[in-house]
Amino acid sequence: MDIDARIERRQRRDDGHRLVRDYEALSPVVHTDEPSGRGPAVERLLDHLDPVFDGVLPPNAYVHGPFGAGKSAVVTALFAGLERLSTGQGAIHTSTRAATPGTPGFAYVDMRETASEFAFYHAVLDGLVEERVPEHGIGTADLRERLGALLAGRSGAVVAVDHVGEPDDTDTEELIDLFAGLPSNVSWLAVGRASPEETELTTYTATAVRLDPYRRGALVDVLMTRAAAGLAQGGLEHRLARRIAEWAAGNAHDALAALFVAADTAERAERTRVMEHDVDGAIGEVPERSVSLARVLALPANKQLVLRALVDLDPEERATVAATTEAISAEPSVDLSQGTVKRFLYEMAELGIVERVRSERESGKGRPPSRLELRFAPSAFRRLYDLRQ
DNA sequence: GATCCACGGGAATACACGGATG
DNA sequence: CATCCGTGTATTCCCGTGGATC
């Protein structure tokens, strides 16, 4: 985001007549420092991590729970806090973060943004040191060496690895290999949706921590907290939050996505508060089996560009993959060959970002084409994407 | 100069159908 | 009738190259 966009956003925030004061605070892809209603889960994770306060590494562990149960919210908030702890509240600035002797370092790695071996080691190193680690001109082996040297003189590190086991993700074996490339004084905390029985990962862990879906009341609190942070006073009635929470059935991602869409709809209509039909529309826009918007927004830039064009197409232009490809390529903002656009579309279908649906054949010749359906709320993506440009 | 990885482009494979074959 | 084959699309797979970054 450039300076002008930032200034513009602040301007809008100061405009008292606006419903949406801060999209960031409402964003389903942004986690807050204090995840509301997940206190017990934080405690259980702290129980597991307790040895670090005596300078001892905990064993490997696996955190699991269904989509939208707050796994990432809890782990990111917790690791942000632990990083502050090991930097000594930033009082001492050295090149490394773990200035307090005896306390391990902490790093949070999101596998959604970590496709290669290089990217993984880069993310770990970047999480452990204060200075920025270059992304070019340095080899994977160099990174591994730097990590080895860094950790050799330290009391180790705990690495949280979020979103394991997603499609196209590094699988268990690869992940274990990645950690095998690090010194032995590294403990990991994997986070995923699969139950402990479903993943091989648990053959390497001593502990599993389960997060259950949000209870309805807790989810209402989450929504009201977000509304208080991002909307004008009284922008969201309690009963509408209840309605969203009821529909979301414990999935905080979908609930926040619905709130975001409803608020955006109301904002565009220049209303001063969210109305019931805004909520109805929003609920209708979030697909049944949705993909995380965070996952969509973690895609490479040009794939997001293709999606951005895709969400603006008419239904006719989406009749087949070929037609969709053509329409997207015709967009001046898209500077990609048709072959690449088409490949991107198929790849994203493979990832579950969009879904291929076989359309009724008309010609009778050859394999019938498919059309693409979105697995995320288009106006949420549109708004979040545009805010980042 | 070194490194990573996104793109482009095309080859290989899958699928659906109708017609031919046994 | 069951199976195979040819044709036309759709989809997946693969890898060399070049742009961007350090």
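So you know, we letter chains A, B, ... as the sequences are listed, proteins then strands, and number each from 1.
Between B:dG9, B:dT3, B:dC5, one nucleotide has an atom nearer to the side chain of A:Ser116 than all others, and that is B:dC5. Picking from B:dA16, B:dG8, C:dA20 the nucleotide with the shortest atom distance to the side chain of A:Arg358 gives B:dA16. Taking only side-chain atoms of A:Arg343, from C-beta outward, the nucleotide of C:dC14, B:dT3, B:dA16 with the closest atom is C:dC14. Comparing C:dT9, C:dC22, C:dC14 by their nearest atom to the side chain of A:Arg367 picks out C:dT9. The side chain of A:Ala119 sits closest to B:dC5 out of C:dA10, B:dC5, C:dC22. When distances run from any side-chain atom of A:Phe118 to the nucleotides B:dC4, C:dA10, C:dC22, the shortest one goes to B:dC4. Between B:dC5, C:dA10, B:dC4, one nucleotide has an atom nearer to the side chain of A:His136 than all others, and that is B:dC4.
A:Arg132 comes within 4.0 angstrom of nothing in the nucleic acid, heavy atoms only. Residue contacts for A:Gly139: at a heavy-atom cut-off of 4.0 Å it reaches the sugar-phosphate backbone alone, with no base atom in range. In this structure, A:Arg356 reaches the sugar-phosphate backbone alone: every heavy-atom distance under 4.0 Å involves primed, P, OP1 or OP2 atoms, never a base. Counting non-hydrogen atoms under 4.0 angstrom, A:Ser337 reaches the backbone sugars and phosphates but no base. Within 4.0 Å of A:Glu347, counting heavy atoms only, lies no atom of the nucleic acid at all. In this structure, A:Pro300 reaches neither bases nor backbone, as no heavy-atom distance under 4.0 Å exists between it and the strands shown.
Between the CG atom of A:Leu336 and the C1' atom of B:dC5 there is a distance of 15 Å, given to the nearest Å. If you take NZ of A:Lys303 and P of B:dC5, they are 13 Å apart, rounded to a whole angstrom. In this entry the distance linking NE2 of A:His122 with C1' of C:dC22 reads 11 Å, nearest Å. Going from atom OH of A:Tyr121 over to atom C1' of B:dC4 covers 16 Å, rounded to whole Å. The separation between A:Glu117 atom CD and B:dC5 atom P is 10 Å, rounded to whole Å. Going from atom CG of A:Leu345 over to atom P of C:dT12 covers 11 Å, rounded to whole Å. Taking atom NZ on A:Lys342 and atom P on B:dG9, their separation rounds to 14 Å, with Å as the unit. The distance from atom CZ of A:Phe120 to atom C1' of B:dC5 is 19 Å, rounded to the nearest whole Å.
Listed pair A:Thr140 / B:dT3 fails the phosphate criterion, with no side-chain N or O lying under 4.0 Å from OP1 or OP2.
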Requested in this report: Go through the steps to decide whether A:Val274 and A:Glu237 satisfy the test side-chain contact (heavy atoms from CB on, under 4.5 Å), and finish with yes or no.
Outcome: CA-CA 8 Å; A:Val274 176; A:Glu237 287 174 45; over 6 Å; no
**Report entry** side chain to side chain donor-acceptor pair (under 3.5 Å) evaluation trace for A:Thr205 with A:Thr202
**Finding:** CA-CA 5 Å; A:Thr205 60; A:Thr202 42; 5.2 Å; no
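The distance from the CZ atom of A:Arg84 to the CZ atom of A:Phe79 is 13.0 Å, given to the nearest 0.5 Å. One distance of note links OG1 of A:Thr140 with OH of A:Tyr121; it measures 9.0 Å at 0.5 Å rounding.
Scanning both residues, A:Ala380 and A:Leu293, for their nearest heavy atoms gives CB-CD1, 3.8 Å. A:Gly235 and A:Leu19 make their closest contact through CA-CD1, 3.8 Å (heavy atoms, listed as atom of the first residue, atom of the second, distance).
Residues of residues 310-335 of chain A that place a heavy atom closer than 4.0 Å to DNA chain B do not occur.
Sorted by first and then second residue, the side chain to side chain donor-acceptor pair (under 3.5 Å) pairs with a member in residues 320-332 of chain A form an empty list; sequence neighbours excluded.
Mapping A:Ala301 and A:Gly137 onto DNA chain B via the closest heavy atom, the residue that lands nearer the 5' end is A:Gly137.
Remark: A:Arg243 engages A:Glu276, A:Asp280 in a salt bridge (charged side-chain N to carboxylate O under 4.0 Å, His left out) (not counting sequence neighbours).
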